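Notes to accompany the following structure.
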Amino acid sequence: MSIYDSLNPQQREAVFHTEGPLLILAGAGSGKTRVLTHRIAYLIEERQINPFNIMAITFTNKAAGEMRERVDKLVEYGAESVWVSTFHSSCVRILHRYIDRIGYDNSFTIYDADDQKSIVKGICKRLNIDTKKLRERTIINEISSAKNELISAEEFAKKYVNDFTKQELIKVYKEYEIELQSNNALDFDDLLMKTVELFKICPDVLESYQRRFRYIMVDEYQDTNTAQFQFIRLLADTTERNLCVVGDDDQSIYRFRGANIRNILDFEYYFQDAKVIKLEQNYRSTQNILNAANEVISNNKGRKEKRLWTAEGDGEKIQFKQFNTGYDEAEYIVSDIENRVNDGLSEYKGCAILYRTNAQSRMFEERLVTANIPYKLVGGVNFYARKEIKDMLAYLKTVANGRDDLAVRRIINVPKRGIGLTTIGKVQDYALDHNISFFEALECADQISNIGRASAKIIPFVDFINKIRDDLSSGHLISDVMQNIIDDTDYIEMLKEEGEEEALVRQQNIDELLNKIIDYEDNKDTPDLNEFLEEVALVADIDSLDEDNNRVVLMTLHSAKGLEFENVYLAGMEDGLFPSYMTVTSDDPMELEEERRLCYVGITRAMKRLTLTCARQRMVRGETQYNKPSMFIKEISDNLLSMAESFSIKNNSEDKVIKATNAYTQARNAFRSKVFETRQFEVKKAEALDYIVGDRVSHIKFGEGTVVKIIEGGRDYEVSVDFDGVGIKKMFASFAKLKKI
DNA sequence: GTGCCTGCTCACGGG
DNA sequence: GAGCAGGCAC
């Protein structure tokens with residue numbers, strides 16, 4: 001009995017077809033990761049391919065991590081030499097080694113959306129561009145789409161030379177490139193674009209990677225953009241052309257990010273001798289759920305025909321419920337989860353609430369906090385985008401790459417050193433005049449004319465940074481250096497001055513960052529600050545999701561791709577929200593098709609039970625909207641749906657929500673601070689609790705009470721407290737944050 | 001140079 | 001509804 005016997009015939013065919021281009025059209029839940037991992041195992045164990053010659057590319061670190069884990073399990077020896085990585089990390093690794101060949105320093109910085117905005121803002125100011133007429137966001141999006149299409153600033157200028165409306169964009173794009181290069185910085189899109197550029201300019205570099213990656217596999221191929229396609233195409237452009245791509249055109253949902261669905265639809269055109277294998281047997285969902293998904297997606301035109309089926313039964317019907325308001329919707333979903341868990345029908349961790357926009361998460365959070373249900377929110381403000389974290393990273397970046405002007409300017413007066421905008425402007429001018437970096441200009445502050453006494457404030461800052469650099473090069477750990485920065489700058493003091501409550505959360509986040517640094521150091525033989533900063537820049541929200549935690553998961557439909565849950569709630573199924581207003585009113589029918597694919601992704605996340613909900617009226621941006629049920633619901637036949645009577649309003653829910661808000665805001669911080677855990681860094685169950693049965697404790701929402709029972713579970717303590725005037729409540733210790741009084 | 005207030009704009013999705 | 005830029009007072 002071999003490991004391949006458990007595969008179905010199509011899966012097996014895909015695993016055994018190792019030579020030449022291969023397209024695997026893998027429907028949702030058809031076991032594509034299984035195929036990929038078994039294929040890697042087969043290459044190594046049966047075809048005696050050196051693991052070093054195999055490359056597997058995914059979109060998220062989470063997917064890469066899971067693939068690595070599964071390959072490790074299947075392959076006895078050498079699995080660690082397989083290059084399993086995301087597009088972006090792969091590019092960073094390559095650029096880190098060779099980017100000096102195309103005019104950058106190998107210790108480059110990666111700019112995120114905020115950084116891009118600061119740069120564009122500065123440029124617009126210099127060029128006298130009115131950002132009210134041409135928004136920064138628009139400019140960044142235009143530059144990003146150009147880069148995704150591998151259109152450089154020069155090519156952009158050439159292409160639109162006669163387009164009156166693009167003249168300002170041409171100038172900004174050009175300036176933007178100059179500024180990034182002089183800061184030795186790359187944005188996300190550059191990572192791909194510069195790698196492709198490197199491959200084209202330096203054939204020897206390309207060849208060395210071609211020789212290494214003799215077998216290439218790409219997951220989620222339907223979401224690749226032109227730059228990613230070229231990256232892969234160049235690597236696979238050898239006589240062997242052992243390129244295997246796996247994807248599902250029906251799950252292509254990243255058009256806004258430049259994904260080109262033609263990459264998958266035209267694969268057979270680019271690679272004429274490509275073998276195509278369809279995986280249609282689904283191992284995840286019930287037939288009712290699959291039928292609903294099939295019905296919805298069949299309304300799209302530009303797609304490859306597929307029909308998902310399962311050997312399992314029809315299962316439950318799909319629940320459809322319409323409510324009067326969004327509050328009622330949230331209340332129903334949360335109480336349904338509560339009831340099912342109490343009845344032993346579900347576990348928290350099998351439940352997911354999915355929605356179209358992040359803004360919808362609030363109401364669910366409110367209800368979940370009130371119901372004392374543990375949850376994990378994916379998305380929202382990324383951990384690494386928080387102010388305090390960006391400040392800390394800016395210090396590290398300043399230390400690592402003195403050329404990153406943006407980082408230096410961010411922290412030169414944080415905490416306050418009395419160095420204001422006037423001084424910064426003068427230093428900036430000096431730097432420009434002398435063609436040196438901002439930090440270098442700071443180093444010779446005493447030579448800058450008319451800077452006056454400000455140089456006395458600048459010098460200690462420069463000395464401080466240089467001291468940190470010395471520490472680092474003489475072997476101090478990054479975590480020690482970070483701790484020194486926090487201490488020496490009195491950063492925590494600064495936070496406290498801004499407000500106690502806020503400071504606490506921010507301080508916890510900084511501690512979390514320190515933990516992450518220590519974790520990084522523990523896992524590396526030779527920790528390197530630049531490498532750490534690169535890793536950190538590429539972290540996505542979804543990477544921190546650990547499905548083993550017993551919690552309800554909240555996230556957007558986009559984040560949910562690739563995941564599965566026993567019990568799924570698709571909330572806000574309303575025309576105008578999903579499909580969004582923008583797509584309904586758009587002239588481009590492709591937009592509605594993408595929206596429908598998103599719906600297909602949502603439906604196919606569910607294993608056993610699917611609930612679709614909508615509200616007649618809903619507050620959106622402070623305005624009440626009245627919406628019809630989503631057109632996608634009408635695309636599902638009635639016989640698949642169970643339309644029980646709508647949830648009635650038991651009492652005036654708006655009143656309740658207002659009352660709950662205060663407790664909610666407080667409690668949310670407690671919950672939120674746990675949002676960014678990673679697999680390595682869970683806030684684990686406490687070693688011991690600082691209260692015992694009989695102690696008086698206080699809870700943020702229920703007030704004071706007496707501990708009546710503590711049960712020690714594997715993951716956490718389950719504590720029962722008899723709250724004064726409230727009664728006995730059961731809760732998890734790590735969530736309840738009970739304080740002994 | 002700093003801190004506060006107001007008014008404005010933006011609101012789909014993310015590595 | 002929220003965050004941010006810009007203006008204004010100290």
Side-chain angles (χ1 to χ4, degrees), chain A residues 57-64 85-92 110-114 116-118 121 124-125 131-133 135-138 140-141 144 147-148 186-192 220 223-225 227-228 252-259 354-363 378-382 384-385 387 413-425 452-454 457 497-498 534-543 555-561 572 576-584 586 591 594-595 597-598 601-602 619-625 661:
Chain A
I57 295 279
T58 62
F59 271 82
T60 65
N61 296 309
K62 183 176 178 341
S85 179
T86 66
F87 274 105
H88 289 92
S89 330
S90 298
C91 290
V92 166
I110 300 168
Y111 278 176
D112 67 11
D114 279 353
Q116 287 179 293
K117 201 176 166 197
S118 311
K121 214 169 135 185
C124 288
K125 213 168 203 173
T131 50
K132 289 205 172 73
K133 274 190 247 148
R135 311 207 168 280
E136 286 136 6
R137 197 62 257 155
T138 317
I140 294 168
N141 286 342
S144 173
K147 288 186 173 182
N148 286 333
L186 301 181
D187 64 27
F188 278 116
D189 305 309
D190 280 335
L191 298 177
L192 261 305
E220 305 283 9
D223 287 326
T224 50
N225 61 34
Q228 287 156 341
S252 169
I253 55 174
Y254 282 107
R255 201 162 85 110
F256 73 94
R257 213 169 65 189
L354 309 181
Y355 36 78
R356 178 65 178 83
T357 66
N358 274 314
Q360 287 166 261
S361 67
R362 260 196 84 112
M363 240 177 282
V378 176
V381 186
N382 185 302
Y384 293 101
K387 181 190 168 299
N413 202 29
V414 178
K416 301 260 177 303
R417 297 186 176 87
I419 305 171
L421 288 175
T422 323
T423 311
I424 292 173
R453 272 162 298 169
K457 295 166 179 164
E497 280 163 24
E498 287 173 4
E534 279 160 9
E535 268 186 28
V536 146
L538 299 178
V539 170
D541 293 320
I542 195 72
D543 295 338
M555 64 181 132
T556 63
L557 288 155
H558 280 90
S559 299
K561 188 164 61 107
L577 195 60
F578 186 38
S580 77
Y581 179 76
M582 307 265 282
T583 46
V584 178
S586 164
E591 296 212 4
E594 173 132 330
E595 207 75 352
R597 291 194 289 271
L598 193 54
V601 167
M619 285 282 269
V620 179
R621 296 174 234 148
E623 271 172 31
T624 305
Q625 267 185 11
T661 302

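All of these numbers come straight from a predicted model, not from anything done at the bench. The analysis underlying the following values was restricted to heavy atoms, covering all of them including side chains, and did not include hydrogens, waters or symmetry mates. Proteins come first, then strands; the chains are lettered A, B, ... in the order of their sequence lines, and each starts at number 1.
Across B:dG1, B:dG14, B:dG15, the shortest atom-to-atom separation from the side chain of A:T422 is found for B:dG1. Side-chain atoms of A:F256 lie closest to B:dG14 of the nucleotides B:dG14, B:dG1, B:dG15. The side chain of A:T423 approaches B:dG1 more closely than any other nucleotide in the set B:dG13, B:dG15, B:dG1.
Looking at A:Y355 and A:L577, their side chains never come closer than 4.5 Å, going by heavy atoms from C-beta outward. Using a 4.5 Å heavy-atom cutoff, the side chains of A:E220 and A:K561 are in contact. Looking at heavy atoms from C-beta onward, A:I110 lies out of side-chain contact with A:D190 at the 4.5 angstrom threshold. In this structure the side chain of A:V539 never reaches within 4.5 angstrom of the side chain of A:E535, judged on heavy atoms.
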### Query
What string of B, S and - do you get for nucleotides 2-9 of chain B, 5' to 3', when a contact is any protein heavy atom under 4.0 Å?
SS-----S

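The phosphate of B:dG13 has neither OP1 nor OP2 within less than 4.0 Å of any side-chain N or O from A:S559. For A:N61 and B:dG15, the shortest distance from a side-chain N or O to OP1 or OP2 is not below 4.0 Å. Contact between the side-chain N/O atoms of A:N358 and the OP1/OP2 oxygens of B:dA11 is not found at any separation under 4.0 Å. At B:dA11, none of the side-chain N or O atoms of A:T357 fall inside 4.0 Å of OP1 or OP2 (strictly under the cut-off).
At a cut-off of 3.5 Å, with distance as the only test, no side-chain donor of A:N358 or A:T556 sits close to an acceptor on the other residue. Under 3.5 Å, the side chains of A:T86 and A:T58 contain no donor-acceptor pair of N or O atoms.
Atom pair A:D223:CG and B:dG13:P shows a separation of 16 Å (rounding to whole Å applied). Rounded to whole angstrom, the span from the NE2 atom of A:H558 across to the C1' atom of B:dG15 amounts to 13 Å. Across the protein-nucleic acid pair, A:E220 atom CD and B:dG14 atom P stand 14 Å apart, rounded to whole Å. Remark: C1' of B:dG14 and CZ of A:R255 are 16 Å apart, rounded to the nearest angstrom. Rounded to whole angstrom, the span from the CD1 atom of A:I57 across to the P atom of B:dG15 amounts to 16 Å. One interatomic measurement links the two molecules: CD of A:Q625 to C1' of B:dA11, which rounds to 11 Å at whole-angstrom precision. Computed from coordinates, the A:F87 CZ to B:dG14 P distance equals 19 Å when rounded to whole Å. Distance A:D189 CG to B:dG15 P: 13 Å, rounded to the nearest Å.
When the nearest nucleotides of DNA chain B are assigned to A:K457 and A:A537 by heavy-atom distance, the more 5′-ward of the two goes with A:K457.
Residues A:Y254 and A:H558 place their aromatic rings such that the two centres sit under 6.0 Å apart.
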Within the sub-3.5 Å range, which N or O atoms of nucleotides 2-5 of chain C have a protein N or O partner, and how far apart are they?
unit_1, atom_1, unit_2, atom_2, d
C:dA2, OP1, A:R362, NH1, 3.3
C:dA5, OP1, A:K121, NZ, 3.1
C:dA5, O5', A:K121, NZ, 3.3

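Using a 4.0 Å heavy-atom cutoff across all strands shown, A:Y581 reaches no nucleic acid atom at all. When heavy atoms are screened at a 4.0 angstrom cut-off, A:F578 is found touching no nucleic acid atom at all.
Contact record, A:N61 with A:A540: ND2-N, 4.3 Å, taken as the closest heavy-atom pair.
Within the 3.5 Å criterion, the main-chain N or O of A:Q228 finds a donor-acceptor partner in the side chain of A:N225.
Salt bridge A:D223/A:R257: absent, no basic N to carboxylate O contact under 4.0 Å.
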